[in-house]
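A quick write-up on the structure given underneath.
Below, chain A is the first sequence line, B the second, and so on; all start at residue 1. These numbers come from the heavy atoms of this one structure, side chains and all, not from hydrogens, waters or symmetry mates.
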Amino acid sequence: MTLADAAIAWYDTNARDLPWRTPSTTPWGVLVSEVMLQQTPVIRVEPAWRSWMTRWPNPAALAADPASEAIRMWGRLGYPRRAMRLHACAGAIVERHGGRVPDDLDQLLALPGVGTYTARAVATFAYGQRHPVVDTNVRRVVSRAVEGKPDAGPATTTADLVAMASLLPEDVPRAARASIAFMELGAIVCTARSPKCVDCPFHDVCAWRLSGTPLPAGPSRKPQRYAGTDRQVRGLILEVLRHTTGPVPRQRLDQVWTDEIQRTRALTGLLEDGLVEPLGPDNFVLAGDTPRAEVQQLF
DNA sequence: CACTCGTGGCC
DNA sequence: TGGCCAAGAGT
C-alpha cells in the first residue's frame, strides 16, 4: 500500500464537506475558491465564496462589473490585490477563452493571480488531470512522512513538484484524488503546530514519527509582523474606501494614521497597485469607481 | 532569492 | 499577551 493509497482511503471518510468540492461546482467556482484560499483560512473563505458565486456565477458576470465591486465583495479576506487580480482574471478568461476557464496548465498560468499552485489546483480539481499540486500543506506532509524533517524549508518549487510527482499514482483519477487527499491531510491532521499523529494514515510509516517526531531546530520561517507596517496602513485606507461609494477627500484618508511619511507611502502603493485611483488632485476612489462624467472632466 | 502584500484566531 | 500560522503570487 502506497502513501497515496493510504491518503485516498483516509480522505474517503475524513474529507471536510466544503462547498467548492461538490460535483456541481464549476471550474470557475474552483478557481475562485483557490484564489480566496491563498493565505486565507477555510473558515473565513466559505461564506465569502458563497456570496461571490451567487453574485458572479461565471467569469463574464464578474468581468461586467467594475473592479471596485470585487474589492468590496472581497471584504476582509485580506490581500485585496487578489480581488483585483481575480477581476482581471475574469476579463482575461472572457477575452482569451470565450468565458470558459481554460483546462490547459500554461493557459491557466498566464492568467492574472494564477501561479504554480493555483494553475495546478484548477487543472487537477476542476478538470481531473494528473499533476503534482504542492501547497504549504503538501510540503509539510511530504517533508515529515518521506524526509523525516519536522517542517518544510523555504519553498523550492521545482524540487517540491518532483517530490510530489513521485508519489502520484499512474491512474489519472486516483492521482487527482491523491493530490487533494495530501492537502487535506496536512490541513487537518499533519498540521503545523499540533499534529494529530494518532489519527494519521501514515502513522506506521512516517519517517518523522519513526525518528521520534523531533522538534524543529528553529522557527520554520521568518516572523511576519503586521502592527505598524505599511500593510496595516494600506488596510486602514482601503477600509475607508470600501465603505464609501463617492470620492473620498485626502483629508479623510489622512485621519487613519498619524505618520504622514508612512501614510503617503501606503497610499502611493495602493495607487501603484491599481487598487485606488485619483479623482482630481485631492480625491480618491476605489479602482473602477471613477464615474464616466468625472473622467471626462479630467481631460 | 528575498521581500512585500491583510486579517483574524489560536495556544 | 503576542508570536505564529493560514490551499501563494508577483516583483
field: Position toward the 5' end of DNA chain B (nearest nucleotide), A/Gln39 or A/Ser194
entry: A/Gln39
- prompt: How long is the line joining CG of A/Leu109 and C1' of C/dG10, in whole Å?
  reply: 13 Å
field: Nearest-angstrom distance from the residue atom CZ of A/Arg44 to P of C/dA6
entry: 13 Å
task: Please check if A/Ile188 and A/Phe125 belong to a single hydrophobic cluster, counting links between Ile, Leu, Val, Met, Phe, Trp and Tyr side chain heavy atoms closer than 4.5 Å.
output: yes
- prompt: What nucleotide among C/dC4, C/dA7, C/dA9 has an atom nearest to a side-chain atom of A/Thr118?
  reply: C/dA9
- prompt: Using 4.0 Å as the upper bound for N to carboxylate O, is an ion pair formed by A/Arg174 and A/Asp5?
  reply: yes
task: Measure from CD1 on A/Ile188 to C1' on C/dA7 and round the result to the nearest Å.
output: 13 Å
- request: Give one of base, sugar-phosphate or nothing for A/Gly115, where a contact means two heavy atoms less than 4.0 Å apart.
  value: sugar-phosphate
- prompt: Is any N or O donor-acceptor pair between the side chain of A/Glu34 and the base of C/dA9 shorter than 3.5 Å?
  reply: no
task: Look at the side chain of A/Pro223 and decide which nucleotide, out of C/dA6, C/dC4, C/dA7, has an atom nearest to it.
output: C/dC4
- prompt: In terms of the nearest nucleotide of DNA chain B, which residue is placed more toward the 5' end: A/Thr156 or A/Pro80?
  reply: A/Thr156
Nearest-angstrom distance from the residue atom CG of A/Asp151 to C1' of C/dA6: 14 Å
- line: ring pair (Phe, Tyr, Trp, His ring centres under 6.0 Å) pairs touching residues 73-108 of chain A, sequence neighbours excluded, are A/Trp52-A/Trp74
Chain A footprint on DNA chain B, 5' to 3' - any atom under 4.0 Å from a heavy atom: B/dC3 to B/dC10
task: Kindly say whether, by distance alone, the side chain of A/Arg193 makes a donor-acceptor pair under 3.5 Å with the base of C/dC4?
output: yes
